[in-house]
Amino acid sequence: MENDKITKKQETAARSETLASETINMLGSQCARLEKIIRDILIFAVFVVLCLVAANIRCSQANERNNQRWIEYLSQYDFVSQDGDGYNYFNSDFGGDVVNGKE
């Protein structure tokens, strides 16, 4: 009878060792799959960030070119002394040093 109890305990211990080994192996394979998924997600995230950085650089360069064009365009016109027809009206009522008429 005692031998039966010892044998049952050994079988139970062997089963629990087998179950523990199977559990560890299962967790190991799941961790490997999870590691691959995380690595793929990180690679995709780095790719997205690099694309956003490149797009941001491209847009900022385009904005800078546009800004320079506007500055050049607006600096060609004399806003103070002429209206749209080329006549001078700045300070004309007070006898300033701006000559009325076309320049």
Side-chain angles (χ1 to χ4, degrees):
M1 196 130 164
E2 252 182 64
N3 284 340
D4 288 338
K5 288 182 183 179
I6 291 172
T7 307
K8 285 182 182 180
K9 285 182 184 180
Q10 289 174 346
E11 287 176 7
T12 305
R15 261 191 256 133
S16 63
E17 286 177 10
T18 305
L19 181 61
S21 297
E22 289 175 4
T23 305
I24 289 172
N25 289 337
M26 182 184 64
L27 289 175
S29 65
Q30 286 180 351
C31 286
R33 282 186 289 197
L34 184 62
E35 180 182 352
K36 184 184 179 311
I37 291 170
I38 290 173
R39 184 178 54 234
D40 292 344
I41 289 172
L42 287 176
I43 289 171
F44 180 73
V46 167
F47 177 73
V48 168
V49 167
L50 289 176
C51 287
L52 289 174
V53 167
N56 189 16
I57 290 171
R58 176 124 167 93
C59 287
S60 65
Q61 289 173 345
N63 287 339
E64 183 61 29
R65 283 193 305 271
N66 189 37
N67 187 33
Q68 290 300 324
R69 288 180 190 139
W70 274 107
I71 289 172
E72 181 182 337
Y73 173 73
L74 295 174
S75 65
Q76 294 175 358
Y77 187 78
D78 184 10
F79 290 100
V80 174
S81 62
Q82 295 181 352
D83 66 0
D85 296 327
Y87 291 99
N88 298 319
Y89 288 106
F90 182 73
N91 227 3
S92 62
D93 293 337
F94 301 105
D97 57 354
V98 175
V99 178
N100 288 330
K102 293 189 176 187
E103 292 183 35

Worksheet item: How about Leu34 and Gln30: do any of their side-chain heavy atoms sit closer than 4.5 Å?
Response: no
Worksheet item: What distance do Arg33 atom CZ and Ile38 atom CD1 have between them, rounded to the nearest 0.5 Å?
Response: 13.0 Å
Item to complete: Treating Ile, Leu, Val, Met, Phe, Trp and Tyr as nodes and any side-chain heavy-atom pair under 4.5 angstrom as an edge, say whether Leu50 and Leu42 lie in one connected cluster.
Response: no
Item to complete: Indicate the ring-plane relationship of Trp70 and Tyr73, choosing parallel, tilted or perpendicular according to the 30° and 60° boundaries.
Response: perpendicular
Sequence neighbours excluded and cut-off under 3.5 Å, please list the side-chain donor-acceptor pairs for residues 56-65, or say none.
| residue | atom | partner | partner atom | Å |
| --- | --- | --- | --- | --- |
| Ser60 | OG | Asn56 | O | 3.2 |
| Ser60 | OG | Ile57 | O | 2.8 |
| Asn63 | ND2 | Cys59 | O | 3.4 |
| Glu64 | OE2 | Gln68 | NE2 | 3.1 |

Worksheet item: In Å, rounded to the nearest 0.5 Å, how long is the span from CG of Asp40 to CD of Glu35?
Response: 10.5 Å
